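Here, residue 1 is the first one in the sequence, and each next residue gets the next number. Computed from a prediction, not measured in an experiment: that's the story for all the values here.
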Amino acid sequence: MEYQAGRYQVAVVGAGHAGIEAGLAAARLGCTTAVFTINMDAVGNCPCNPSIGGTAKGHLVREIDAMGGEMGRTADECMLQMRMLNRGKGPAVHSLRAQIDRRKYSTVMKHKLELQPNLDLRQAEVTELRRREDGLWEVVTRMNAVFIAECVVIATGTYLGGRIYIGEVAYDSGPDGIFPAAFLGASLKKLGLRLRRFKTGTPARVLKSSIHLEELEQQPGDEQVVPFSYDTTQPLHNKEICYISWTNTRTKQIILDNIHRSPLYGGKIEGVGPRYCPSLEDKIVRFSDKERHQLFIEPCGEDTEEMYLQGMSSSLPEEVQIQFYHSIKGLEDALVMRPAYAIEYDCVDPLQMNATLEFQDLPGLYGAGQFNGSSGYEEAAAQGLIAGINAARRAQGKEQIVLDRASSYIGTLIDDLVTKGVMDPYRMMTSRSEYRLVLRQDNADERLTPIGREIGLIGDGRWERFQYKQECKRQEMERLKKTVIAPGETVNQILVSRETQPISTGVRLLDLLKRPQLNYECLAPVDPTRPDWDPNVLEQVEVEVKYEGYIKRQKAQIEDMRRLENKKLPRKADYSTVTGLRLEAREKLQAVRPENIGQASRISGVSPADISVLLIWLSQQKKEEKES
C-alpha cells in the first residue's frame with residue numbers, strides 16, 4: 001500500500017555524476033531537493049576509468065567549475081596524478097586530465113551531499129513517475145513511498161534496465177554488481193518517452209603486485225600541476241605513476257580465435273556501443289591491419305592495489321580475458337581481481353527535449369547524463385548541472401537558462417543532443433565545436449562565471465577573485481601596448497636563438513609576443529617590469545595576443561550564429577503546412593521542434609534551402625501577427 005512520504009521542489013533520480021550536480025545546484029539555489037540512489041555506497045561512483053577530464057572532457061570540467069558546479073573541486077581533492085594533454089598542439093585543444101582515487105571521490109561527494117542544506121539524500125529505487133492533473137509529479141519508490149515534486153530530473157546512468165555480459169554469461173545488474181533499476185523504464189514508456197538500448201563496457205582490474213611494472217614504460221604527471229577548480233589555491237602534487245604497454249600478435253590471435261564467444265559478435269548484445277571507446281575485440285576486428293594497440297595501466301586509489309587497464313574493455317569470457325591479458329608485456333602473471341564486462345542499459349531519445357533539458361511534452365521533467373544518450377562522467381556532470389539549475393528555476397517561477405554553442409562546450413554538447421540526436425553514446429570532442437579557439441579551457445571562468453554569478457551559484461569570495469583576475473588581465477594588456485623594447489645585444493640574441501628576425505628599432509612588447517617563436521618565458525630577460533601575475537592571467541593574455549586575428553574571425557562567426565539564434569520559431573508550428581519545405585525537412589522539423597532558426601539549421605536533413613524557406617515563412621508569420 002502506498003503512503004505519502006514527503007514533498008520537494010526538485011527530485012533527482014540517481015546519484016551518479018549527473019545526479020550529484022543536479023541535486024547540489026537545485027539545493028544551492030534554495031530549492032528543497034531530494035536525491036534518490038539505489039545504493040548509498042554508489043554515490044559518485046566511477047565504474048569505469050578512475051579519472052576525470054581528458055581531451056575536451058577537461059574543458060567540460062573547467063566549465064562546470066566556472067559556473068559553480070562541484071566536479072572540478074572534488075577531482076582536485078582526490079587527484080593522484082594530473083596531466084595537461086595536447087601541450088604540443090594549439091591552446092584550443094589543451095585539456096586537463098586527472099587520475100583520481102575513485103573511492104575517495106565517491107566518499108567526498110557523498111559527504112558533500114549529506115552536508116548540503118536543502119538536500120536530502122535517500123536510498124530508494126524509484127519505480128514509477130506519475131504526472132498529476134495539477135502539474136506536480138509523484139515519485140514512487142519500491143517501498144511504496146510516494147514523494148510529491150514540482151520538478152524531477154532523471155539521471156539513471158547505466159542502471160536503467162541494466163544487464164551485464166561476460167561471454168556466455170548474462171544477468172540483470174547495474175555497474176559494479178549493484179542492483180539495476182528494473183521497473184522505472186516501463187513507467188517512462190507509459191509517459192510517452194522513446195527509449196533505446198545502448199551499451200558500454202569496462203576493462204578488468206588487476207592486482208598491482210602481480211604486474212611486472214619494472215618492464216613497463218612509466219607515464220609520470222606534470223611537474224607543475226594545474227588544478228581543475230578556480231577555487232583550488234593550495235599547491236597540488238602528483239602521488240602516483242601510470243604505465244604503458246601494448247598488445248601484440250599473440251593477443252590478437254587469442255581474441256580472433258574466440259571472437260564467436262563474444263556476445264557483441266554473437267548477437268546477444270542488442271545495444272549500440274560507443275564509437276570512440278570500442279572494446280578490445282571491436283578494435284581487433286575493425287582495425288585488422290594494426291598489429292598492436294596501446295594500453296595504460298593506472299592506479300584506482302591510494303588505499304587499494306587494484307590497477308585499471310585503460311583501453312582493454314571486453315565482453316569475452318573470463319578465461320579468454322585472462323589468456324589475452326597474460327599475453328601482454330608486464331601482465332604475464334597478472335591476477336585479474338575484477339573481470340571486464342559489457343553493460344546494456346536504456347536511455348532516452350534526446351530529440352524529445354528542449355535545450356533546457358526539459359522534455360517538450362512533459363513540463364517539469366528533465367533528463368541528464370547517460371540517460372540522455374551521452375557517455376562519460378564529465379558529459380553527465382555538465383548536463384546534470386544545467387538540468388538542476390533549470391529545474392530549480394522552473395520551481396521558483398524564473399526563466400530557464402540555455403547555453404548556446406558559442407558560450408561553452410556544455411552548450412555544444414546539449415545542442416548536439418537535442419538537435420541532432422544520437423545513434424550511439426555521445427562523447428564530447430574538441431572537433432565538435434566550431435568555436436574551439438574561443439572556448440578554451442583556460443578562459444572558462446571568463447565565459448561562464450558571470451552566468452554562474454547571475455544564477456546564484458558563485459559566492460562573493462569567488463566573484464571578487466574573478467574580478468581581480470580580469471583587472472590584472474586588463475592591466476597586463478595595457479602594459480604590453482605601452483612597453484617598448486629597445487634594440488640591443490640581449491634581445492637580439494634571444495630573437496636569433498629563436499629563429500626570428502632581430503630588431504633595429506624599438507618594438508612594442510605586444511608585437512614581440514605576437515611572434516609565434518616567442519613567449520613570456522624567453523622574453524623575461526628583457527622584460528624586468530612584468531608584475532608577478534597569476535600564471536593563468538599570463539596564459540590567457542599570451543593566447544589572445546598570438547591568436548588575435550583568428551579569435552576576431554571566430555567572434556564574427558559567433559555574431560552571425562547568434563543572429564539566427566535570435567530568430568525564434570513557434571514551439572507548436574505545423575511544418576507540414578510550410579510551402580516550399582522538402583518532405584525530409586518537414587519530418588525532421590516536426591520531430592525536433594527547434595526553438596530558433598539557428599537550431600533548425602543544425603538539424604540533420606534540413607538544408608540551407610530549407611532554412612531560406614523558413615526565414616521567409618517566419619517573416620510572413622510576423623507580418624500577419626503585426627497586421628492582426
Side-chain angles (χ1 to χ4, degrees), residues 46-51 102 158 162-171 173-177 197-207 210-211 216 242-288 290-298 300 306-345 370 375-376 424-425 427:
C46 297
C48 198
N49 203 329
S51 71
R102 69 185 290 253
T158 58
R163 187 167 178 80
I164 296 286
Y165 290 88
I166 305 174
E168 295 86 0
V169 178
Y171 53 92
S173 176
D176 285 334
R197 201 81 170 145
F198 275 3
K199 166 255 172 189
T200 188
T202 188
R205 275 67 162 177
V206 300
L207 183 65
S210 69
I211 305 171
L216 301 176
C242 299
Y243 300 87
I244 298 172
S245 190
W246 298 82
T247 65
N248 51 54
T249 53
R250 184 166 162 242
T251 315
K252 183 177 180 179
Q253 195 57 52
I254 291 169
I255 289 173
L256 291 176
D257 288 345
N258 291 277
I259 198 70
H260 62 285
R261 300 184 65 189
S262 167
L264 191 64
Y265 287 91
K268 289 185 180 179
I269 293 180
E270 299 174 2
V272 181
R275 184 184 312 178
Y276 301 103
C277 188
S279 64
L280 182 58
E281 55 263 36
D282 208 16
K283 286 191 278 190
I284 294 291
V285 172
R286 283 166 56 185
F287 309 106
S288 56
K290 291 193 73 170
E291 293 301 319
R292 65 176 194 163
H293 295 271
Q294 193 176 46
L295 67 139
F296 299 88
I297 303 172
E298 303 168 333
C300 290
E306 287 186 82
M307 301 289 279
Y308 177 89
L309 305 180
Q310 185 193 339
M312 296 289 283
S313 65
S314 175
S315 59
L316 284 164
E318 186 175 20
E319 69 270 23
V320 178
Q321 292 183 32
I322 293 170
Q323 283 184 57
F324 73 67
Y325 287 138
H326 284 177
S327 71
I328 296 168
K329 182 179 179 181
L331 301 179
E332 295 89 348
D333 301 306
L335 173 65
V336 175
M337 299 175 72
R338 307 191 201 203
Y341 62 82
I343 182 169
E344 268 190 332
Y345 57 95
Q370 286 184 268
S375 71
D424 52 72
R427 177 177 180 171

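- Lys252 meets the salt bridge (Lys or Arg N to Asp or Glu O under 4.0 Å) test with Glu291; sequence neighbours excluded.
- Considering only residues two or more places apart in sequence or on other chains, Ser51 meets the side-chain contact (heavy atoms from CB on, under 4.5 Å) condition with Asn49, Arg97, Gln99.
- In terms of the side-chain contact (heavy atoms from CB on, under 4.5 Å) criterion, residue partners of Ser262 (sequence neighbours excluded) are, by chain and number, Leu264, Tyr265, Glu281, Ser315, Leu316.
- Listed by chain and number, the residues in a side chain to side chain donor-acceptor pair (under 3.5 Å) with Gln253 are Asp257 (sequence neighbours excluded).
- Side-chain contact between Thr247 and Met312 is present, with heavy atoms from C-beta onward closer than 4.5 Å.
- In this structure Arg163 satisfies the salt bridge (Lys or Arg N to Asp or Glu O under 4.0 Å) test together with Asp172, sequence neighbours excluded.
- Atoms CZ and OG, from Arg427 and Ser375 in turn, are 6.5 Å apart once rounded to the nearest 0.5 Å.
- Remark: Trp246 CH2 to Ile328 CD1 distance equals 12.0 Å, nearest 0.5 Å.
- Remark: the backbone N or O of Gly311 is paired with a side-chain donor or acceptor of Lys283 at under 3.5 angstrom.
- The line from OG of Ser314 to OH of Tyr341 is 13.0 Å long, rounded to the nearest 0.5 Å.
- Of the candidates Pro175, Ser173, Cys48, Pro47, Ile343 forms a side chain to side chain contact (heavy atoms under 4.5 Å, CB included) with just one, namely Pro175.
- Note that CZ of Phe324 is 8.5 Å distant from OG1 of Thr251, once rounded to the nearest 0.5 Å.
- The salt bridge (charged side-chain N to carboxylate O under 4.0 Å, His left out) pairs that include a residue from residues 323-340 are Asp176-Arg338, Glu306-Arg338, where partners are two or more places apart or lie in different chains.
- Within the model, atoms NE2 of His326 and OG of Ser210 stand 7.5 Å from one another, a figure rounded to the nearest 0.5 Å.
- Smallest separation of non-hydrogen atoms from Pro339 and Ile166: CG-CD1, 4.2 Å.
- Closest approach of Pro50 and Tyr308 over heavy atoms only: CD-CG, 3.5 Å.
- Under the rule for a side chain to side chain donor-acceptor pair (under 3.5 Å), the partners of Arg261 that lie at least two apart in sequence or sit in another chain are Glu168, Glu319.
- You'll find the side chain of Phe198 reaches within 4.5 Å of the side chain of Pro425, heavy atoms only.
- How far CD1 of Ile284 is from NE2 of His293: 4.0 Å, rounded to the nearest 0.5 Å.
- Not counting sequence neighbours, the partners of Ile211 by the side-chain contact (heavy atoms from CB on, under 4.5 Å) test are Val206, Leu213, Leu216, Ile297, Met307, Leu331.
- The side chain to side chain donor-acceptor pair (under 3.5 Å) test applied to Thr202 returns Arg205, not counting sequence neighbours.
- Listed by chain and residue number, Asn248, Ile254, Ser327 satisfy the side-chain contact (heavy atoms from CB on, under 4.5 Å) test with Arg250 (two or more places apart in sequence, or in another chain).
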